[in-house]
Every structure is written in C-alpha cells, then in structure tokens.
Amino acid sequence: MNWKEFFKNLKTEEQGCVPDETRREFLKIGLIITGVAAGGSLLNVVSVVAEGLATSEELSKEYPYKPHYSMVFRVDRCIDCERCVEACRQTNNVPEYGWRTKILERVDTKAVDQQRQFMPILCNHCNNPPCVRACPTQATYKDKQTGIVKMASYKCIGCKSCMSACPYDARYFNEEKRAIDKCDFCWESRLSKGMKNTACAEACPAGVRIFGDLSDPNSEVYKIVHQMGKAVWVLKPETGAKPNVFYTIG
Amino acid sequence: MERKNNPVVQGVISKEEFTQNWLQFLTEFLSGSKGFYILLILSGLIVFISAMFGVNAIYVGYSHVYGIYREIPWGILISGYVFFVVISTGLSIISSIGHVFGVKSLIPIGKRAVYLSIVTLFAGFMVIFFDVENPFRMAIWNALSPNLTSNIWWMGTLYGISLIFMIFEFLLILLSKHRYATIFGFLTLISKVLAISNLGAVFGMLYGRDFWYGPFIPIYLIASAISSGSTAIIFFTYLGYRIRNERLDKSMELALQVVGKLWALSLAILIFIVFWKIITGLVGSEAQRLAIRELMFGKYAPNFWFFEIFLGLITPFFLLFVSKFRNLNQMFAASLLSFIGIFIMRFDMVVIGQIVYHFFEYKVTDFPVILTYKPTLHEIMLIIGACAFCVFSFLIGEKVFKGHHTEIH
C-alpha cells in the first residue's frame, strides 16, 4: 500500500466506512490495534507489540510478559457507584486522602444525546513507564514476569519524581507507608495469594472492569482488545508510555 | 622533595602554621563593624527560624503544611533547589575560566566564586532536604540501588561529588597550591556541567509533560547558569567590598567588566532561547499551548512579563549597557533585579510544567483544566532561610577569608 492510498484510507475512516480488507492492511503496516474515534479524535492504540505481526498467535508470542496483566474498561457501563473505589480502599488499605483508582466524570454539553460519561482510571502499568525511568532508587519498577509496575516502598525516598512523571495521575504519597503508593493490580493483596481477579473488577456490579492476561487468547481482555468490530482505545497515547489499560464501549 | 610536591596529601603543613592560619581567620572575623554583626545575627536568626519551620514540617508531615498536592507534586522548594544549584553551577563555570583555563583577567573573582559556589550548592541541598520525604533513605538507596536511567539519580550524585571536589578546590586555593586547585577546579567544572544538564533532563525527559519535554530545559539551564553565576559574582563582590569598606583595585575592576560582558552575552542568548520556546510552544500540542497561554496571558502573566522578562532579562541587559560595564552601582542594581527575576523564572518553570490537568482533553469535571498552586508559609520560609544562609555564609566568608583576595602569578 503506498502513501497515497494510506491517506485516502484515513479519509474514508473519518467517514466511518473502512473496508475490512483495508483495515487488515492497516494492521500489517504495524499499528496492530487501531483505535477509532474517541471523543471526536482518532486514536491509534499501540500498546506493546512488535511491528508487522498480524495474527493473534504471533501477537501473543511477542508480549514481553507472561502473564501480561491488563485491564479493559467498558466505559459506557459505568454508573459511578464507586464500589470499585471502596473495594480498592478496603483491600489495599488506601487512606482517605489518597486513591489507587478513581472515577472521573466527563461532561460535554455540546454532545448529541448522551452528554455525560464516567471514566474510571488507575495505573496503566505502561510498557514504557515514565515513572520507572524517573525513579532514582528503583523503588518503583516493572515486574519482569507480569509487567505490573510495583513499589519497593522501603527504597522510596519520596522525591515525587514518579508523580511528576506519570501522565495518568496514578500515584500519591502514602504517609503511613512513608512511600509513594499506587495500584499494583492487587498483586500484594490478592494475586500473589493465588486469587485471579482484582478487588475493583470483582466489586463492579456492571462488568465495567475486566482484568486478565492480554497474551492469553482465551482471556476476555484478549478477546476485547484483539478484535476489530468495536473501538478500543487507550488514554493519552501521545505520551508514548504504551499503557496496558484499554477502554471500549459495550 | 616528593613530599613537598604534595603537601596536603602528605600532611606537610606544620601544625603551628595551621593553628596560626585559623587564629588569623578568627581575628579577622572579630574585626567587623557593628552593622556587619547586626546583619550576621539577623541572617543567622532567619536561618534558625526557617529551620524551625522545616522541623515543624517534618513533624507534622509535608502534605499538611506545603501547598503541593497529588496533581502538582513539585512546588517552590524544587524551584528553590534549581535556583541555588544553577547559581552554584554558574559560579563554577565562570570562576573556572580564570583559575582553570588561565584567563588572567578573571582570576581575581575566582576565590570568592568558589566559596559562594559551595555555599549556594549547600543552600540547594538544604532546600531539597525539606522537600524529599525520606532524605535519610536517599543516602542509603542512592548508593545501593541506583537507577542509571534516572536523571535525578545522576543529578543528585553528580552534585554531591562536585561538592566534595569544590571543598578540596577551595582548601587548595587557600593553601595557595594552585596546581592542585586547578585539577580540582576542572573536576568540579566537569561534574557541575554534567549535573546541570541532568537537572535539565529531570524535566526534559518527562515525556508525559509537554511543557518540559525536550532538549529545551537543559540548554536553557546552562545558559541560565552563566547568567545566574555572573549575577551572583557582581552582586556579592560589590557587597563584599562595601562590607570591608575597600576600594576595588584595578584587576578586580577589570574582572567585573569581563563578568559583565559575559553576563550580557548570556542574557542575549537567554532572550533568544525564551523567545523561541514561547513561539514553538504556541503552536505545539494542546497541553503545551495551554501552559504557555497561562504563562503569557493567564494568572502567571505578571510573573512572566514583569518578573521574568522585564526584571530578569531586559532591565539587566539594558542596565549593563548603560553602565558600560564600568559603573558598579548600576551593575549591582542590575544584579539585584536579576536575582528576583531569576527566582521567578525557576518558579514558573517548575509550576507551569504541571498546571495543565492530566486529563484536561477528556472534559473532566472533577478538576479544572488549569490547576492552581500557592506556596505556603512553610515553603516560603524555607526558601527565605536558604537565602539567609547564603547571606550569613557570605558575610562570614568575607571576614574570615579577608575579602577573598587572590594574588595573580
């Protein structure tokens, strides 16, 4: 496919009629997962994967972590009941002044029809995490096996550079721990003890949060992310942090 | 013979000579005027009061007494740290032109500059001590668990090393061992330049923050260092001579003229850099545009136009030319205004980088697009304390080291 065609296709995409074949071609040039319109802007979702791989089988081989933990939000289902936030607080001893996960409220009064949407956020466990690069003492690090961005609290000097570095506002200083605290996909409180799901995902009554292994073709997160029927996007893709938290509708 | 070549390491300086030197320092120190001691006590008192604020902050918890919060984790203390260490770096750069690279006209300012460089770096460390939540852990884990991709690690380590080099450099200058002092001066210069570029990269490498990201801040800070260093030399040399009630000799006058010219050049470069940062920022990503717009036309506009541009850049530049690099009173006025401007520049650089809310583009109602940060009394007192520490140490230095006179060989 030459550049002329490429731009032509981009134009058609805006009009909302992209032939499947073209989409497949588009994937092959390296963007693997394509995000479509979200909030009016086109987002390319490139989280992990090596370029030029098209089939799911090849993709899963290329994921750098096993299990490659990930979360998908079906945002339109969220009703802001905050059970997830509460479950997180209880499970991970999150104090009143902080949060590991939060639900933001989006309002667009100029939108046609629905003008409000809730947008849950948490640590995106990025594959290229700015916080890990910035930490002077390796107090925060990317777990080599699971890809979870964890904290070694005893090493944290409290310089707050990871807070400054994080594009997702995912970190806060925990006074009791004397260290930065953040979501670890419930590693310490649940996963390391053999449980399979995070507290927030389990508490959600509307099935907004789906947690699982992005590299396992049988997992639900895999199935949602590796499909082309519905838009899947990540937040702030322009930072290049390559997040592992995805958003979709439905 | 060999022992004589290396007097400090070999410990050749006799005990009597050493004691005599210190006694001399003491007598010098006791020879000040009334005004000198009043200023000294006053600055000492401010340092003490600020230290109490710092201790209180540690006791109560920083988050309860500082204006910083989750979304704006770096405040005026980080600005203060940058302010002091950039001055310190600038002092090292400018003094090294004389006593490391042998430009004779700049040798007279060398001793004072090295001394003040130690003082300002120490002031920077004092400020950061009260910003970092676990400073004692820092000492341990910086050494045991270094992250070599972290610019903060490099910056902190290099500044730490440079402090040791500088102390040696200064002691060797005092002992008139100029050859060894030159070696340490060179090592100081290298470590400081590497440190300041990493300091810039602490901000410039944060790819989640559009206002900071890129090579601009390291370049800006190195140009700023030359400007800040010149400001400090002119400011403190002028005051030093005032305090000692001495007239400037010819060589010092010439040295200050050279510093003035270097300063004017660095100001011109800075104006150029700032101009292009603004222009490129205005057409950049939305986050960057919002930040720059806030700086130029929003709540920070007085900071930017009046303090940064007018006081920090344009007026000193203008005054330097009016003074023809000779009128010391005008150059001193320029340095005083410039100091104020430079501090606000550091404040804006740190704060503006964080004021655009992370998820502003999603029309989130939980936070405004532009966040606010207001420094608290505790934070301000710590900055004032660090400034007072510089004044206090400067005053002591002037007396004890007899106006930092240097003989030119």
Side-chain angles (χ1 to χ4, degrees), chain A residues 38-41 97-99 102-111 115-117 119 121 126 128-141 152-175 178-180 235-236 238-241, chain B residues 61-64 68-75 77-78 128 131-157 201-203 205-210 212-213 285-287 350 353-354 357-367:
Chain A
S41 60
Y97 57 82
W99 50 265
K102 185 178 177 71
I103 298 174
L104 297 175
E105 186 183 357
R106 299 178 60 195
V107 174
D108 185 353
T109 48
K110 286 183 186 147
Q115 296 185 332
R116 205 153 67 121
Q117 189 179 59
M119 187 172 92
I121 51 169
C126 310
N128 182 24
C131 53
V132 170
R133 200 200 56 76
C135 175
T137 57
Q138 302 187 57
T140 191
Y141 60 98
S153 298
Y154 62 100
K155 287 187 192 174
C156 178
I157 64 169
C159 65
K160 305 175 203 92
S161 43
C162 57
M163 289 169 74
S164 258
C166 178
Y168 301 105
D169 195 17
R171 294 167 165 269
Y172 73 98
F173 185 76
N174 186 308
E175 287 175 48
R178 301 287 315 148
I180 300 294
L235 302 182
K236 302 179 82 68
E238 71 281 3
T239 62
Chain B
Y62 292 163
S63 52
H64 299 284
I68 49 171
Y69 54 100
R70 182 177 184 133
E71 281 71 28
I72 298 196
W74 284 346
L77 294 182
I78 298 290
I128 205 78
D131 182 79
V132 167
E133 300 271 359
N134 306 310
F136 299 110
R137 272 190 208 167
M138 179 164 69
I140 300 165
W141 295 108
N142 245 29
L144 295 184
S145 180
N147 178 7
L148 300 184
T149 67
S150 163
N151 299 102
I152 296 184
W153 186 85
W154 283 104
M155 182 264 296
T157 308
V202 164
F203 302 96
M205 290 284 283
L206 296 187
Y207 40 93
R209 301 283 190 172
D210 289 13
W212 289 334
Y213 179 64
S285 70
E286 204 182 340
V350 171
Q354 305 165 82
Y357 176 57
H358 303 70
F359 297 108
F360 76 93
E361 68 267 53
Y362 296 95
K363 296 187 169 70
V364 168
T365 55
D366 307 65
F367 291 92

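Protein chains get the first letters and strands the later ones, always in sequence-line order, with residue 1 at the start of each. Keep in mind it's a predicted model, so treat the numbers as computed, not measured.
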Asks: Quick check on B:F136 against chain A: is it the side chain, the backbone, both or neither that has a heavy atom closer than 4.5 Å?
Replies: neither
Asks: Examine whether an atom of B:S63 lies under 4.5 Å from a heavy atom of chain A, and if so say whether it belongs to the side chain, the backbone or both; otherwise answer neither.
Replies: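 Side chain only.
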Asks: Test of understanding: with ring pair (Phe, Tyr, Trp, His ring centres under 6.0 Å), list the residues that count as partners of B:W74, not counting sequence neighbours.
Replies: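 Expected list: B:F203, B:W212.
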Asks: Name the region of A:R116, side chain, backbone, both or neither, that has any atom closer than 4.5 Å to a heavy atom of chain B.
Replies: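 Contact with chain B involves no heavy atom of A:R116 at all.
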Asks: Please tabulate, one pair per line, all N/O donor-acceptor pairs under 3.5 Å involving side-chain atoms of residues 152-164 of chain A, not counting sequence neighbours.
Replies:
residue: A:K155; atom: NZ; partner: B:S145; partner atom: OG; Å: 3.1
residue: A:K160; atom: NZ; partner: B:D131; partner atom: O; Å: 2.8

Asks: Check whether B:M205 gets within reach of chain A through its side chain, its backbone, both or neither, counting any heavy atom under 4.5 Å.
Replies: both
Asks: For B:N147 and A:R133, does a side-chain donor sit closer than 3.5 Å to a side-chain acceptor?
Replies: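 No, because no side-chain N or O of B:N147 sits under 3.5 Å from a partner of the opposite role on A:R133.
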Asks: Taking side chain as everything from C-beta outward and backbone as N, CA, C, O, which of these in A:Y168 sits under 4.5 Å from a heavy atom of chain B? Side chain, backbone, both or neither.
Replies: both
Asks: Checking A:I180 against chain B: side chain, backbone, both or neither under 4.5 Å from a heavy atom?
Replies: neither
Asks: Using a cut-off of 6.0 Å, state whether more than 12 heavy atoms not belonging to B:F359 lie near its atom CZ.
Replies: yes
Asks: Select one option (side chain, backbone, both, neither) describing which atoms of B:I68 are under 4.5 Å from chain A's heavy atoms.
Replies: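 Looking at B:I68, just its side chain touches chain A.
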Asks: Is chain B contacted by the side chain of A:E105, its backbone, both, or neither, given a heavy-atom distance below 4.5 Å?
Replies: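 Backbone plus side chain of A:E105, per the 4.5 Å heavy-atom cut-off to chain B.
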Asks: Measure B:R70 against the heavy atoms of chain A and call it side chain, backbone, both or neither at under 4.5 Å.
Replies: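 Looking at B:R70, backbone and side chain both touch chain A.
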